[in-house]
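Order of the sequence lines fixes the chain letters, A, B, ..., with proteins taken first and strands second; residue numbering starts at 1 for each chain. Keep in mind that the numbers below use all heavy atoms, side chains included, and drop hydrogens, waters and symmetry copies.
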There are 2 protein chains.
Amino acid sequence: MALDLTNLYPLTWKPDWSALKRPIYQSLVQQLSQAIASGELLPGTQLPPQRELANFLGINFTTVTRAYRLSQQQGLTYAVIGQGTFVAQTAQQTVTISRHNSQIEAELGFNASFESENQRLQPVMKQVVSRQTATRLLNYDAPTGSLHQKVVAQAYLKQIGITVPTQQLFIASGGLNALTIVLLALFRPGDKIAVDQFTFANFIELARMRGIKLVAVRGDAGGMQPAVLDKLCREQRIKGIYLMPDLSNPTTVTLTLHRRQALAEVIKRHQLRLIEDDYLSFLNRFRQPALPRLSTLLPKQSVYICSLSKPIVSGLRVCYLVSTLADQPALRQAMFNVNVKTSALDVEIITTAFQTGVAERIMQAKYQRATRANQIFETIFPSQTPSHDRQQAFFRRLPIQTTLTGQEVEARCQAAGIHVFHSDRFLVGPNTPQPFLRISLASMPNAQALVKALTHLKQVLVAQDLLL
Amino acid sequence: MALDLTNLYPLTWKPDWSALKRPIYQSLVQQLSQAIASGELLPGTQLPPQRELANFLGINFTTVTRAYRLSQQQGLTYAVIGQGTFVAQTAQQTVTISRHNSQIEAELGFNASFESENQRLQPVMKQVVSRQTATRLLNYDAPTGSLHQKVVAQAYLKQIGITVPTQQLFIASGGLNALTIVLLALFRPGDKIAVDQFTFANFIELARMRGIKLVAVRGDAGGMQPAVLDKLCREQRIKGIYLMPDLSNPTTVTLTLHRRQALAEVIKRHQLRLIEDDYLSFLNRFRQPALPRLSTLLPKQSVYICSLSKPIVSGLRVCYLVSTLADQPALRQAMFNVNVKTSALDVEIITTAFQTGVAERIMQAKYQRATRANQIFETIFPSQTPSHDRQQAFFRRLPIQTTLTGQEVEARCQAAGIHVFHSDRFLVGPNTPQPFLRISLASMPNAQALVKALTHLKQVLVAQDLLL
DNA sequence: ATATTTGTACATTAACATTTC
DNA sequence: GGAAATGTTAATGTACAAATA
């Protein structure tokens, strides 16, 4: 058999056999990582099947399995049974979304929250620190919030449709911090969590850091499909599900009442732990009729996360977290381990803002500004059919047509002074036929600046022939 | 061979063979966990050797390996090559240290920081929120601290012996949060970190949650022994080392200059990443001569963590974190993922306290109060030879004699209204012949209350015949 | 509808390292 | 100082599950 096997196996990736050191699987991952970093393997490329690569290298195929698994854990690849293993769209870049540093003319990427409303809080801050009792906010007491702070939280939660005793409530240092706590407390490395195909980029990273595997559930225009979720749950041991039922990030899909009920039914049947991220909670107060929070349909298996970054202010790190009584000890424990305590000063300012009516005025103002921002968006991008449930979204989805990678698209916008995020950043698992940009509407200082920024964006997209 | 094998194998633990389901290793861990929870297996018990248990159950011994490994990851057991696998001292309880909720007469467990000094910060808070620019603290900008805040941090760091450009500095939400960030950014599940045999309990938990294995390094009266560390590093792939070189928690050992140099040499030789936790940084300003921060001896491989909870105030979550330039991106990334940003308001209050001299006065006051508290401790427990380097410790070590478990000792003190921590909480790996209590000196409101609490503690210990 | 391709999970085999006697 | 006991790690073998043609 003096055949030249090299040509019989037209492998998309041929690791250097002579460079393989023991342990083989680690050596393989290193080579893979390098091939991706060097651009030799582009995002989306299908890697050789485990058995073929093993054959090529003369090793057992489960050793390749192990290498591929490690590369998956590092976010380099994803695999689908029956299809193959592929280089992830996000393999080359860091997906995390944060405030951009460089000089950017138009901030349409990072999702702030109409920050000029923050000035309304100055009197509140003054009031809080002037109290005789102010220095009590500075000690180690009440790490998850004082009773008084929880009572105020309880009142707000009631307004948005959640009735809960204070024992089931605690206060974390922001929404992402709450998610960190939940992943640490209620999940273990190796657990699987179901998510939308496009989901919160920082959650993807966080799950990766915790060693949790995300399972993408296909959705339609109405969001995640209950039948698909049901199927996936029957197939594999999925432990939890992460959802943003209202204006899901980045798709801006809001689940209808019927979809909520159907999903709740499936989640209940499979005993998934639901993590409901209600980052725009305050909008539910303006909705007629209000939509039920998904977790209220599943009170025994849910964690409800209510960050105040968007409704009130982003710079104070405060988030209400609702769970079952049974989960409280584990959650508190995890909170001690990552935070020791939530800053009582930050919480007290939010609390006082609620009590004095300032919070109410801020939420009203943000509602108005979000409405206006969406009108502007729909004027400039008229192809985006106005939809009732997106009228107060803080960002919008803008489909594009291109064969470029997400990185390239972002880079071209960046070169024009525009910061946007490509859908690839939010992608879990296999690529999708329909890429889009997420356009933040809440980060420019005023309506005028937003008009200018969006107009400029449109010009750039047209010039690049990206607009659909 | 109709032998009754049951008696030939006097196993300390006999899992129920008939109850074993597949996957076997998981089923085994479940049974083990139950046996420990029910008290059937006590802390310290040696489990059957992997091969014997496998024999007994008729399975392959590496399946037992796998089960034992999982139980180790969960903190239930620890194993030593050549010796065996044992039930961990901390298996039954949660080790995390946090503020106690119930009515406690004497708080000598949780380690606060002379919280009555907090009142000095009220004018500072007022000043900060009264500025025209105050609402700028409320947006998403400068997630790791503004330049101005970093310059002030830089000045403080210089005072305690660290000269660093602001590019290598960032501000996290408290010391534990900084540790979380470091473990997420610079380590992976499965990595090993060397620690003192007794170390910060929350770090133990944090490492466990991150899937990082801690390797206990034996120490003598002078702290960790460089030769032992060297040996362990030669034996296994250790990636990092976590140290509190000044008044190490809970042992109160301060490394001498020579020990620092010797350890630095070993750490350098094995290219370990050093995590230096300088939770009492301010004391170095009062030391004559000052001791070099260990990380300054290893500038290329260190992360230096300088929480301001103890030096200034515990309720504001602020910590300075110094790293190499190369590590900054990964650290910032991890910070975005768990915090989004550090509360700029909290940081600004600390910053202004430094600028106005209030911080200086607080540190002076805490120095005095710590000195007084240690005098009180040594008066009441005269057997504890006064040692120069412990004169300003925030807690002290009190050896006890007993065969009781740590939990039982704590429970008996608790029953008398005294909150203390037993050394088992801080223990990594095999048990030690010399248990002790960690007595916090900084949590009682004043000297009088401390005298009363310590006197009461002494009575209780004498009555229980625990005092050495 | 069924066979083939592809990935996954778990147990087993083998080689190794450290401790203790 | 060597043998036995003990735990660790990597690689392989086996069974299975899903996707696709």
Side-chain angles (χ1 to χ4, degrees), chain A residues 9 11-12 20-29 46-55 57-73 77-86 189-192 213 215-216 218 228 230-238 429-430, chain B residues 9 11-12 20-29 46-73 77-86 189-192 213 215-216 218 228 231-238 429-430:
Chain A
Y9 290 98
L11 304 184
T12 51
L20 274 190
K21 283 176 227 144
R22 299 209 135 198
I24 296 171
Y25 77 100
Q26 285 179 18
S27 189
L28 267 179
V29 173
Q46 176 163 11
L47 293 178
Q50 297 177 349
R51 284 166 180 83
E52 282 194 30
L53 186 58
N55 222 319
L57 295 170
I59 57 176
N60 186 281
F61 87 94
T62 55
T63 303
V64 180
T65 306
R66 211 168 157 187
Y68 278 9
R69 185 196 308 159
L70 220 161
S71 75
Q72 261 193 81
Q73 283 169 359
T77 62
Y78 65 87
V80 189
I81 296 182
Q83 288 184 239
T85 303
F86 305 83
D191 285 348
K192 289 177 180 172
K213 194 162 178 196
V215 178
R218 270 197 313 281
V228 177
D230 186 54
K231 182 159 161 292
L232 287 168
C233 288
R234 273 186 278 113
E235 290 165 9
Q236 50 195 306
R237 240 179 285 161
I238 294 180
Chain B
Y9 290 98
L11 305 184
T12 51
L20 275 189
K21 283 175 228 145
R22 297 206 138 201
I24 297 171
Y25 77 101
Q26 284 180 18
S27 188
L28 267 179
V29 172
Q46 175 163 10
L47 294 177
Q50 298 178 349
R51 286 164 180 85
E52 283 193 31
L53 186 59
N55 223 320
F56 171 74
L57 294 170
I59 57 176
N60 186 280
F61 85 94
T62 55
T63 304
V64 179
T65 305
R66 209 167 159 187
Y68 277 9
R69 185 194 309 160
L70 220 160
S71 76
Q72 262 192 81
Q73 283 169 359
T77 62
Y78 65 88
V80 189
I81 295 183
Q83 288 184 234
T85 304
F86 305 82
D191 285 348
K192 288 177 181 171
K213 194 162 176 196
V215 178
R218 269 198 312 281
V228 178
K231 182 160 161 289
L232 287 169
C233 288
R234 272 186 278 114
E235 290 166 9
Q236 50 196 307
R237 239 180 285 161
I238 295 180

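- Shown are B:L28, B:T63, B:I24; of these, the side-chain contact (heavy atoms from CB on, under 4.5 Å) with B:L57 is made only by B:L28.
- A:A67 and A:Y25 make their closest contact through CB-O, 3.6 Å (heavy atoms, listed as atom of the first residue, atom of the second, distance).
- The heavy-atom pair separating B:R218 from B:V228 by the smallest distance is N-CG1, 3.9 Å.
- For the side-chain contact (heavy atoms from CB on, under 4.5 Å) criterion with B:V64, the lone passing option out of B:L47, B:L53, B:N55 is B:L53.
- If you take CG of B:N55 and P of D:dG7, they are 14 Å apart, rounded to a whole angstrom.
- With a 4.5 Å cut-off on side-chain heavy atoms, B:K21 and B:Q26 do not count as touching.
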Polar atom pairs (N or O), protein with nucleotides 4-6 of chain C, under 3.5 Å:
| unit_1 | atom_1 | unit_2 | atom_2 | d |
| --- | --- | --- | --- | --- |
| C:dT6 | O2 | A:G82 | N | 3.3 |

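- Nucleotide D:dT9 holds its P atom 12 Å from the CG atom of B:D191, rounded to whole Å.
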What does nucleotides 9-14 of chain C look like as a protein-contact string, B for base, S for sugar-phosphate only, - for none, at under 4.0 angstrom between heavy atoms? BBBBBB
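- Between the side chains of A:S71 and A:T77, at least one donor N or O lies within less than 3.5 Å of an accepting N or O.
- Of the side-chain N and O atoms in A:K213, none sit less than 4.0 angstrom from OP1 or OP2 of C:dG7.
- Taking atom OH on B:Y68 and atom P on D:dT9, their separation rounds to 17 Å, with Å as the unit.
- Rounded to an integer number of Å, the gap from CG of A:L70 to C1' of C:dG7 is 16 Å.
- A donor-acceptor pair shorter than 3.5 Å cannot be found between the side chains of A:Q46 and A:T12.
- Side-chain contact between B:L70 and B:Y68: absent, with no pair of heavy atoms (C-beta onward) separated by less than 4.5 Å.
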